[in-house]
Amino acid sequence: MSEGRVPKEGELIIQDFLPELKGSHLADSIVEGLLKEPKEIPSMFFYDERGSKLYEMITELPEYYPPKLEKRLIAMAADAMAHGLRGHDIVELGSGDCSKISILLGRVPAEDIPTLRYVPVDFSRSAVEESAAELRRRFPGMDIHGIVGDFLSHLDCVPDGRRRLLVFFGSTIGNLEREKAYDFFQELAQVLRPGDEMLLGVDMVKDAAVMEEAYNDSQGVTAEFNRNIVNVVNRMIGSQLDPGMFEHVAFFNPEESRIEMHLRALAPATVRVEGLEAPIEIQEGEMIHTENSYKFTPEQVQGMIEGVGLSVRESHSDERGWFSLLRLGA
């Protein structure tokens with residue numbers, strides 16, 4: 001770059017697909033979950049602005065191994081891929097903060113950055129906006145097309161027309177029920193065009209004590225993250241629950257091969273919802289299921305991917321086999 005030249009600033013677009021749902025679908029999904037036995041709250045409601053910040057703190061905790069291992073693997077994959085991304089759309093599903101995608105973009109030759117378009121897809125508008133601001137500063141000239149929405153519902157809103165690299169980091173696939181994960185891959189197989197690829201992060205089955213410690217950190221940040229979902233529920237359905245009346249519970253369920261997160265009520269509570277004939281009663285000691293995080297064996301991963309006609313082109317794992325990063329193609 002010549003002295004004094006100001007780098008071109010890429011185009012910035014942010015589309016929000018959530019307002020159309022907030023009045024009905026999202027609030028209804030919370031009420032439906034609280035009416036179930038056992039009760040549950042969909043995990044997508046973790047990620048309001050405060051929840052996103054708490055999750056960023058979780059990724060820095062010593063007990064929480066996944067992001068540390070995955071970032072090393074992303075760097076390995078990026079070294080092999082970055083010189084072939086010119087003119088691509090890079091679509092990050094469940095994007096969160098920009099720490100992981102920055103590793104990949106940092107390996108792309110500077111002259112190729114203005115040819116890229118980055119498409120973050122996240123439930124949290126603040127996460128999309130903050131990532132966009134940071135990436136525009138670090139990678140001037142790159143176009144950004146943010147999508148605020150649920151990647152399960154809005155995959156068809158992702159821009160088309162160019163070669164795409166989809167990235168699905170953080171083992172977020174593990175937050176989906178097995179059937180939904182398979183359905184997601186089926187839809188993905190329809191979305192991917194010849195030449196498109198995907199990077200998929202997967203948390204593998206390991207010693208239960210290691211996994212349970214990762215979700216029960218000594219500083220209590222994960223507990224605060226779990227309880228914060230109550231604040232989101234209050235805003236969405238007009239309830240007045242006190243997050244402090246719930247205890248964080250997380251454990252490995254070996255039969256289902258998943259970490260489960262729950263909130264246990266420390267006292268009885270009543271949830272009144274406008275339009276609901278009778279209030280929802282929460283009993284002392286009752287558990288509300290807030291998240292599953294499935295862990296995988298190599299055979300499960302291979303079967304899920306190949307079952308929808310996708311192929312594993314490359315695989316990276318840490319030396320203990322705790323985490324894997326897969327490069328997929330149609």
Side-chain angles (χ1 to χ4, degrees), residues 42-48 51-78 90-105 118-124 126-128 130-131 134-135 146-152 155 165-178 180-181 184-185 188 198-206 210-211 214-215 217 221-222 225-226 229 250 257-261 290-296 300-301 304-305 315-318 321-328:
S43 61
M44 64 179 176
F45 294 106
F46 279 130
Y47 299 99
D48 64 344
S52 295
K53 295 295 185 188
L54 286 167
Y55 182 72
E56 287 180 30
M57 292 171 62
I58 289 171
T59 63
E60 299 297 326
L61 294 170
E63 300 96 334
Y64 197 63
Y65 61 84
K68 301 172 185 63
L69 297 179
E70 188 175 33
K71 286 178 180 179
R72 285 167 41 197
L73 302 179
I74 292 170
M76 292 170 59
I90 301 178
V91 182
E92 185 171 12
L93 306 178
S95 54
D97 70 59
C98 59
S99 61
K100 292 176 184 175
I101 200 64
S102 294
I103 298 171
L104 176 61
L105 293 173
Y118 173 58
V119 184
V121 184
D122 200 276
F123 187 77
S124 168
S126 63
V128 172
E130 290 174 17
S131 292
E134 175 65 14
L135 292 173
I147 294 177
V148 182
D150 176 10
F151 60 79
L152 292 177
L155 198 55
L165 171 66
L166 276 70
V167 298
F168 199 23
F169 294 142
S171 196
T172 305
I173 190 65
N175 296 137
L176 306 180
E177 296 299 321
R178 297 291 196 196
K180 282 192 175 182
F184 168 75
F185 276 114
L188 185 67
M198 182 179 195
L199 284 178
L200 174 69
V202 184
D203 197 7
M204 311 302 286
V205 172
K206 60 191 70 64
V210 173
M211 294 184 286
Y215 292 82
D217 65 276
V221 181
T222 308
F225 171 74
N226 196 10
I229 204 170
S257 191
R258 70 191 187 195
I259 287 284
E260 296 184 10
M261 290 216 310
T290 54
E291 185 179 53
N292 290 321
S293 183
Y294 284 89
K295 312 304 175 184
F296 298 86
Q300 287 171 334
V301 175
M304 184 168 55
I305 292 168
S315 177
H316 300 277
S317 294
D318 64 283
W322 282 10
F323 201 95
S324 295
L325 183 69
L326 309 177
R327 182 177 176 181
L328 310 180

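Side chains included, hydrogens not; waters and symmetry mates left out as well; all remaining heavy atoms used.
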* Arg327 side chain reached by Ser315 side chain, heavy atoms, under 4.5 Å -> no
* Would you call Glu177-Arg258 a salt bridge at under 4.0 Å N-O? -> yes
* To do: Report yes if some heavy atom in the side chain of Val91 is under 4.5 Å from a heavy atom in the side chain of Val167; otherwise report no.
  => no
* To do: Kindly indicate, with the supporting measurements, whether the criterion side chain to side chain contact (heavy atoms under 4.5 Å, CB included) is fulfilled by Glu260 and Glu291.
  => CA-CA 6 Å; Glu260 296 184 10; Glu291 185 179 53; over 6 Å; no
* **Side-chain (Thr290) to main-chain (Met261) donor-acceptor, under 3.5 angstrom** => yes
* To do: List the atom of Ala127, the atom of Asp122, and the distance in Å for their closest heavy-atom pair.
  => CB-OD1, 4.1 Å
* Structure fact -> Tightest non-hydrogen contact, residues Met57 and Val221, listed as CB-CG1, 4.0 Å
* To do: With sequence neighbours excluded, give me every salt bridge (charged side-chain N to carboxylate O under 4.0 Å, His left out) pair touching residues 51-61.
  => Lys53-Glu130
* Asked: How far apart are the closest heavy atoms of Phe323 and Pro66, and which atoms are they?
  -> CE1-CB, 3.9 Å
* To do: Rounded to the nearest 0.5 Å, what's the gap from CG on Leu200 to CG on Leu326? Could you check?
  => 5.5 Å
* Structure fact -> Closest heavy-atom pair, Gly201 versus Ile173, reported as atoms and distance to 0.1 Å, is O-CG2, 4.1 Å
* Search all heavy atoms of Ala77 against all heavy atoms of Leu325 and return the closest pair with its distance. => CB-CD2, 3.9 Å
* To do: Taking atom types as modelled, find out whether Asn175 and Ser43 have a side-chain donor-acceptor pair closer than 3.5 angstrom.
  => no
* Got Thr222 and Asn226 here, is their nearest side-chain heavy-atom distance under 4.5 Å? -> no
* With a 4.5 Å limit on heavy-atom distance, are the side chains of Met204 and Val202 in contact? -> yes
* Is Val205 close to Ser257 at the side-chain level, that is, under 4.5 Å between some pair of heavy atoms? -> yes
* To do: Report yes if some heavy atom in the side chain of Ile74 is under 4.5 Å from a heavy atom in the side chain of Ile101; otherwise report no.
  => no
* Structure fact -> Value for CG (Leu104) from CG (Leu165), rounded to nearest 0.5 Å, stands at 6.5 Å
* To do: Go through the structure and list residues passing ring pair (Phe, Tyr, Trp, His ring centres under 6.0 Å) with Tyr294, not counting sequence neighbours.
  => none
* **Donor-acceptor pair, side chain of Thr172 and main chain of Phe169, under 3.5 angstrom** => yes
* Could you grab the distance from atom CG of Asp318 to atom OH of Tyr65, nearest 0.5 Å is fine? => 10.0 Å
* Is the Lys NZ or Arg CZ of Arg178 less than 6.0 Å from the centre of Phe184's six-membered ring, within 45° of the axis? -> no
* Asked: Less than 6.0 Å separating the ring centroids of Phe123 and Phe151?
  -> no
* Ionic contact status for Lys206 with Asp203, cut-off 4.0 Å -> yes
* To do: Quick one: pull up CG in Asp217 and OH in Tyr64 and give me the separation to the nearest 0.5 Å.
  => 11.0 Å
* Rounded to the nearest 0.5 Å, what separation is found between the CG atom of Asn292 and the CD1 atom of Ile259? -> 10.0 Å
* Asked: Would you call Val301 and Ser324 a side-chain contact if the rule is heavy atoms closer than 4.5 Å?
  -> no
* Evaluation steps, side chain to side chain donor-acceptor pair (under 3.5 Å), between Ser293 and Lys295 -> CA-CA 7 Å; Ser293 183; Lys295 312 304 175 184; 2.9 Å; yes
* Asked: Looking at CG of Leu199 and CD of Glu92, how far apart are the two atoms once the value is rounded to the nearest 0.5 Å?
  -> 10.5 Å
* side chain to side chain contact (heavy atoms under 4.5 Å, CB included) between Val121 and Ser95, worked out -> CA-CA 6 Å; Val121 184; Ser95 54; 5.8 Å; no
* For Phe46 and Phe225, run ring-ring contact (aromatic ring centres under 6.0 Å, His included): C-alpha distance rounded to whole Å, both residues' side-chain angles, the deciding distance at 0.1 Å, then the answer. => CA-CA 7 Å; Phe46 279 130; Phe225 171 74; 4.5 Å; yes
* Is the shortest distance from a Lys or Arg side-chain nitrogen in Glu70 or Lys68 to a carboxylate oxygen in the other one below 4.0 Å? -> no
* **Min side-chain heavy-atom separation Trp322-Ser317 under 4.5 Å** => no
